[in-house]
Amino acid sequence: MRALGGALPPFTAGAHIDVHLPTGLSRSYSLLNAPEERHRYVIGVAREPDSRGGSRYLHESVLPGERLVISAPRNLFALDEAAAHSVLIAGGIGVTPMLSMAKRLDRLGKSWQLHYCCRTRSMAAFLDDIAAHGDRVDLRVDDEHAGFLDIAALIRSTADAHFYCCGPKPMLAAFNSAVAATGLPPARAHVEYFQPVDDGPPPGGFLIELARSGRVLTVPPGKSILETVQAAGIAATSSCEAGICGECQVTVLGGTPDHRDLVLSDAERAANTAMMICCSGAKSEKLVLDL
Ligand code: FES
């Protein structure tokens with residue numbers, strides 16, 4: 001994507017953009033090019049068999065040269081550039097943010113290693129780009145390797161490193177288990193989600209008070225706060241509507257949210273001062289929101 005004159009807004013390794021589709025859907029995609037590039041944003045989109053509509057549309061309906069509305073880059077998966085060593089663990093199309101991180105780490109002259117897991121070589125994305133990094137890359141192809149990557153052993157064998165993981169749900173679950181088992185400090189464990197967790201329907205059945213107008217709305221069971229406020233004609237921004245992009249974050253002025261997103265840290269959840277209204281509910285009878 002090229003700017004119509006002038007440089008594009010800057011981004012940092014691990015950042016994503018939201019792509020707004022003409023269907024009304026909006027989806028987040030990691031930028032995979034080097035952050036120093038200011039003339040383009042590069043994304044990689046895997047065609048998912050169980051697509052919720054985003055990847056299928058981009059593969060089947062978008063034509064070369066067509067213009068799409070996108071957001072400015074945002075980063076929920078930032079690279080700690082001060083780390084002595086960085087370990088990047090990717091599965092499938094989850095390798096995209098790692099490509100930008102690898103370019104940035106190379107530019108900084110930092111030590112890093114990529115463990116890239118995929119089902120078959122033919123299904124691996126950006127294999128030529130990745131292979132160019134030589135022995136910094138541990139390519140793990142399911143039908144060529146016996147056994148899965150032992151993430152806990154990797155953490156135990158790499159002192160003082162920062163670990164980054166992006167991939168399908170089983171890989172992220174394995175990463176989180178390994179982090180817990182090894183006691184890796186949260187500040188050195190970084191996870192990027194690109195699929196929602198299966199957490200059932202939105203947890204409705206409570207009241208929300210909109211502080212700016214004083215209106216009180218009932219969020220019915222099976223409906224999200226986002227759907228409820230939009231149905232009431234109140235503008236609220238959103239993108240993934242699955243708790244993974246952070247676009248719908250709202251300030252909480254009262255009550256206790258039932259956090260179900262994958263954006264907020266444990267400390268941010270405990271503070272209860274912000275919530276994602278596309279997926280989270282309430283533990284109290286009423287929430288007061290800055291809307
Ligand atoms: S819209 Fe993405 S987290 Fe709510």
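Atoms within a ligand are numbered from 1 in the order they appear, just like the ligands themselves.
Checked against a 6.0 Å centroid threshold, the rings of Y29 and H16 do not count as neighbours.
Under the salt bridge (Lys or Arg N to Asp or Glu O under 4.0 Å) criterion, E36 pairs with R104, R107, not counting sequence neighbours.
Below 30°, between 30° and 60°, or above 60°: for H162 and H190 the angle between ring planes is below 30°, a parallel geometry.
With respect to the salt-bridge test (charged N to carboxylate O, under 4.0 angstrom), the residues D80 and R188 do not qualify.
Judged by distance alone, the side chain of T96 and the main-chain N or O of L32 form no donor-acceptor pair under 3.5 Å.
Within the protein, the number of N, O or S atoms lying under 2.8 Å from atom 2 (Fe) of ligand 1 is 2.
Within 6.0 Å of NZ on K110 lie more than 12 heavy atoms contributed by other residues, nucleotides or ligands.
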